[in-house]
Amino acid sequence: MIFSKPLYHVFRVKDHYSNKERILSEVSNRRRFLYRSTDSPSYISNTDWSKDDYNWFFKALSENDQLRYRTFISKKFGKQLLILDSWFNQYYAGSGSAHDVHDHEGCDLTTIYYVELLDRSLRTILKHPTTGKEISPNVKEGDIITFRSNVFHRSPPNFTNTCKTVISFNVSFA
């Protein structure tokens, strides 16, 4: 087991506000498509979850924050990390877009960077692996949350008047 307590770790991106507009501009320039799952009620307004080898970890984070995050993970787990894949998801204001309960197989950790998160009701919800209780982590815009990849999680429907944009990446230990 990678960790039992706490269920997740939060990392604050120091350069977030200086990078936010650049990130959102890059998101708008990427190949985009609507994601609608056939076997669940998931509907994501905009995503590039196409596994096209575009590494958002390096594009979204400054070199300083990349180093800080790698050091953060190394100190928490005593291991170096390897970024496997990455993508963005956007949940447009008032769209009802959501991502149903899922986990991420084939990696050690799942990571979510909150680029836009003005309404706290849109935070990712984790399902505790032993109790089944839903947990809404204490995160805000500019935070990265990291948790075991086998922890089920979901993004609630966006009926707010704000957009939620996240960059996610899967991590394995080198």
Side-chain angles (χ1 to χ4, degrees), residues 1-27 30 44 47-91 99 101-118 120 122-156 164-174:
M1 177 178 270
I2 295 174
F3 54 86
S4 57
K5 288 186 182 182
L7 183 60
Y8 61 89
H9 295 280
V10 177
F11 172 84
R12 182 75 183 155
V13 176
K14 283 191 175 180
D15 296 333
H16 173 70
Y17 292 105
S18 64
N19 294 330
K20 179 179 174 179
E21 291 308 313
R22 179 184 50 76
I23 294 166
L24 293 176
S25 175
E26 188 71 25
V27 164
R30 296 294 299 157
I44 300 170
T47 184
D48 74 342
W49 182 77
S50 58
K51 310 285 188 196
D52 65 358
D53 295 328
Y54 190 80
N55 199 320
W56 282 101
F57 178 79
F58 297 107
K59 296 291 184 178
L61 298 176
S62 68
E63 287 184 20
N64 181 39
D65 279 322
Q66 289 174 37
L67 179 59
R68 287 181 56 249
Y69 182 75
R70 286 180 181 279
T71 302
F72 172 80
I73 293 297
S74 180
K75 285 182 179 177
K76 293 284 181 196
F77 304 107
K79 300 176 182 180
Q80 298 299 314
L81 62 89
L82 173 67
I83 308 298
L84 298 178
D85 50 11
S86 58
W87 61 96
F88 74 82
N89 286 343
Q90 284 187 308
Y91 305 85
H99 200 169
V101 175
H102 65 285
D103 67 351
H104 296 227
E105 295 179 10
C107 58
D108 293 311
L109 302 173
T110 296
T111 300
I112 302 168
Y113 173 25
Y114 295 94
V115 178
E116 282 183 298
L117 185 68
L118 298 176
R120 291 176 52 86
L122 298 176
R123 294 175 294 176
T124 304
I125 297 169
L126 307 179
K127 189 171 184 175
H128 194 281
T130 55
T131 67
K133 180 181 175 186
E134 288 194 336
I135 299 163
S136 186
N138 186 18
V139 293
K140 59 185 179 281
E141 182 175 296
D143 285 344
I144 293 177
I145 183 174
T146 301
F147 51 93
R148 291 180 316 185
S149 62
N150 65 348
V151 171
F152 284 91
H153 57 286
R154 67 183 178 87
S155 183
K164 173 184 173 181
T165 302
V166 300
I167 293 174
S168 295
F169 47 96
N170 289 328
V171 175
S172 282
F173 294 120

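Numbering of residues begins at 1 and proceeds along the displayed sequence.
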- Should the pair K127 and F152 be classed as cation-pi, given the thresholds of under 6.0 Å to the six-membered ring centre and 45° from the axis? no

Interatomic spacing from [atom1] in [X] to [atom2] in [Y] - rounded to 0.5 Å:
X    : Y    : atom1 : atom2 : result
Q66  : K59  : CD    : NZ    : 10.5 Å
I125 : S136 : CD1   : OG    : 5.5 Å
H9   : D143 : NE2   : CG    : 14.0 Å
E116 : E141 : CD    : CD    : 6.5 Å
S74  : F173 : OG    : CZ    : 9.5 Å
L109 : I73  : CG    : CD1   : 5.5 Å

Report yes or no: does [X] contribute a side-chain atom to a donor-acceptor pair with the main-chain N or O of [Y] at less than 3.5 Å?
X    : Y    : value
R123 : L117 : no
D65  : L61  : no
R70  : Q80  : no
N89  : V166 : no
S25  : E21  : no
T110 : N170 : no

- Task: Could you tell me whether H104 and H153 have their ring centroids closer than 6.0 angstrom?
- Result: yes

- Message: Can you confirm if the aromatic rings of F169 and W56 lie within a centre distance of less than 6.0 Å?
- Response: no

- Between I145 and the options N138, L126, T124, the side-chain contact (heavy atoms from CB on, under 4.5 Å) test singles out L126

Considering all heavy atoms of both residues, which atom of [X] and which atom of [Y] are nearest to each other, and what is their separation?
X    : Y    : value
R154 : H99  : CB-O, 3.2 Å
R148 : P129 : NH2-CG, 2.8 Å
C107 : S172 : CA-OG, 3.5 Å
S62  : D15  : OG-OD2, 2.5 Å
V27  : F88  : CG1-CE1, 3.5 Å
L84  : G106 : CD1-O, 3.6 Å

Less than 4.5 Å apart, side chain to side chain, heavy atoms only: is that true for [X] and [Y]?
X    : Y    : answer
E105 : D103 : yes
F77  : D108 : no
Y8   : V151 : no
V13  : Y69  : no
T146 : V171 : no

- Message: Going by the rule side-chain contact (heavy atoms from CB on, under 4.5 Å), which residues pair with E63 if we only count those two or more places apart in sequence or in a different chain?
- Response: none

- Test item: side-chain donor near acceptor, Y114 and H16, under 3.5 Å: no

- Task: Would you sort out whether Y113 and I23 count as a side chain to side chain contact (heavy atoms under 4.5 Å, CB included), showing the intermediate values?
- Result: CA-CA 11 Å; Y113 173 25; I23 294 166; 3.8 Å; yes

